[in-house]
Structures are given as C-alpha cells and as structure tokens.
There are 2 protein chains.
Amino acid sequence: MEIEKIAQCLKALGDPKRLLLLNLILNGTQCNCEFSDSLNLQPNLISHHLRILKEAGLVNIERDPRDSRWIYYTINQSAYKELHEYLNNFLDPDRIQPRQPTCGPVNEVMSFAEKILPKAKQQI
Amino acid sequence: MEIEKIAQCLKALGDPKRLLLLNLILNGTQCNCEFSDSLNLQPNLISHHLRILKEAGLVNIERDPRDSRWIYYTINQSAYKELHEYLNNFLDPDRIQPRQPTCGPVNEVMSFAEKILPKAKQQI
DNA sequence: TATATAATTCAACAAACATTGAAGTATTAT
DNA sequence: ATAATACTTCAATGTTTGTTGAATTATATA
C-alpha cells in the first residue's frame, strides 16, 4: 500500500462525522436513511461523506436486488484489513527511536567525542 | 480519547508529507533543516506541517539548551501510544458485523418472517 | 556592533472541503 | 399515468488548507 493511499484513507477518516458513519457501517447499519436518522444529517450530506469513504476504498456500494432504490454500504474487508495492519505497524510505539543528531550543537559535541574520545562515545 | 481528538490526529496524519515527516521523527531525525533536506521542502513549509502534528498532540517541541536557535521535535509517546491502541481496536476487522437490516425491502421480508414464521426466522 | 544562522510568522492566493437547498435519477406503489 | 420513495447530483456559499515568498524573532558568531 502506497503512502498516498494511506494518507487518503487517513484523510477520509479524519472527520468526526465520517468516523461515526464508518462505525455505524461496522455495526451493520447500512441505509442512507438510517445514517441520516442516527447522525441527524441530511441525506445528501450523508451521500457526500459516504462517497469520500468509498473513494478511499474503505466501503463498498451495493444496490438491493429486490428494490434498487435502496443502496447498501458495506466495509471493504480487504482494504480495511490492509489499512489496519499497515497502521498497526506504522504507529507501533516500539518504532520510536531516540534522537540521532546529525546536525546542531549536540552533534558538534558528538563529533568532538568522535575525534577525541572514541571509546567514551561508545558508552553514550 | 474523544472522537474529535481521534479525528484531529487522523486528519493530521492524512497527508503524505506529514506521514513522511512523522516517519523521520520516529527514526530519530529532528531538526527543521534535516526535514527540509530529506523531503525537499522549504523550511517554512516544514514548520507549517510540524505545527499541525504538534497541535494534534502527536509531537513535542524542545529547544536546544546549548543553542536555542535549534528546535527539536520528538514523538509525544503517551499520545502516540493512546492513538495506536485506539486505532488498533477501532480498525479491528473482527468488529465488522454482517448487515442488520432495520429498514428496506430485506427488512420487510424479515418482518414477514417475524409474524408468520417466528421459528423459521430464528434459523436465519 | 554587525552579520550569520535556525526557525517561525505573516500576507496572499488558489485549490479543496463541508454544508445547504434545489433539482435530478431510478424505481416502486397507487 | 401519477405520486411517492431512496438516494444522488448539481449549484452556490463560506471556510479551511497547502503553498509561496517576504518579513520577523531569537540566538550565536566575527
């Protein structure tokens, strides 16, 4: 998954209403009308936010075979799993490295240590 | 962590350049000048994006005690861990529920089953 | 004191975004 | 055929955002 795609997903999720919307879909809610009632938003605004989630690839769209006026949104499971795994790795706190100065005053001290006190530096 | 705060963090991360920036901080890089070199962006633009990450609470700012012209950005570990855990739960694919129709044509069938075939419905 | 350095802040702009109300599409019900 | 339903798309609005270049702050150096 490319970084632009990850950013697009995160941007799509970076809105409280869309987070609530996605949460409803996760819970099994699906119709625009239900979203509209739950979130107290106009149907066209729901459509707008759903499209952003869809364009990010997080949700699928499906029309009811009996009455195609009804549209059901579902989680795109593969994309969802991929995002989950990517973020779980990316945001892993174990990845946090201590500062590795390559410039600035601290680095000059390090350079000094490198020249004058090579063994002391190894202990730092 | 409130949903608005989560959304703010996700929004802050919803930009390729800020993802790269955060990745550099995670790896131990810190000075504006280094970010500027790595990402090929002007220092003031780096400042802009760093501020958005800071305002989301994801990074800390610290001035060099020897030469306070230099500013070091570091990961806000507690906020980072909290976000990691929250998203790991929120985006967990196991949370995905099957559709639970409460309206639409499918629901009418369910209502029919509820009235006429209560035992058959339990098998669905 | 004057100059250089590291980074931020300001002003300005076009592009993108959320929101609203109205119109449109496709389908079903009467 | 007409009306109702479920939802989308369009047009218009004000707001926010990313980007640029210039000005500014704060500190260190010559």
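The basis for the numbers below is simple: all heavy atoms, side chains too, and nothing from hydrogens, waters or symmetry mates.
B:E4 places its CD atom 15 Å from the P atom of C:dA18, with the value rounded to the nearest Å. B:Q42 has its CD atom 16 Å from the P atom of D:dG18, to the nearest Å. As rounded to whole Å, 13 Å separates atom C1' of C:dA6 from atom CG of B:D37. If you take CG of B:N32 and P of D:dA26, they are 18 Å apart, rounded to a whole angstrom. The distance from atom CZ of A:R63 to atom P of C:dT25 is 14 Å, rounded to the nearest whole Å. A:L41 places its CG atom 7 Å from the P atom of C:dT19, with the value rounded to the nearest Å. Regarding B:D67, its CG atom lies at a distance of 15 Å from the P atom of D:dA26, rounded to whole Å. Summarising the geometry, the separation between CG on A:N40 and P on C:dA18 is reported as 19 Å, rounded to the nearest angstrom.
Across all non-hydrogen atoms, the minimal contact from A:L41 to A:K17 is CD1-CD, 3.9 Å. Nearest heavy-atom pair across B:Y80 and A:L91 is CE2-O, 3.1 Å. The two atoms that bring A:S38 and A:L24 nearest to each other are CB-CD1, 3.7 Å, heavy atoms only. When every heavy atom of B:H84 is checked against every heavy atom of A:N88, the shortest pair comes out as NE2-OD1, 2.9 Å.
Along DNA chain C, the nucleotide closest to A:K11 and the one closest to A:L45 are compared, and the more 5′ of them pairs with A:K11. Nearest-nucleotide positions on DNA chain C place B:I71 closer to the 5' end than the other of B:I71 and A:S68.
For A:W70, whose side chain is taken as the heavy atoms from C-beta onward, the closest listed nucleotide among D:dA6, C:dG21, C:dT19 is D:dA6. Nearest to the side chain of B:N44, among D:dA26, C:dT9, C:dA18, sits C:dT9. Here C:dT27 is the nucleotide among C:dT27, D:dG18, D:dT9 with the atom lying nearest to any side-chain atom of A:R69.
In summary, the side chains of A:Q8 and A:K5 do present a donor paired with an acceptor at a separation below 3.5 Å, with no hydrogens or angles considered.
For a distance-only test at 3.5 Å, the side chain of B:D15 fails to qualify as a donor-acceptor partner of the base of D:dG18.
Counting any heavy atom pair closer than 4.0 Å across all strands shown, A:Y73 reaches sugar-phosphate atoms only and no base atom. Backbone-only engagement by B:I52 is indicated by non-hydrogen atom pairs under 4.0 Å involving sugar-phosphate atoms exclusively.
For B:R18, a side-chain nitrogen or oxygen approaches OP1 or OP2 of D:dG18 to under 4.0 Å. Using a 4.0 Å cut-off, some side-chain N or O of A:H49 falls inside it from OP1 or OP2 of C:dT19.
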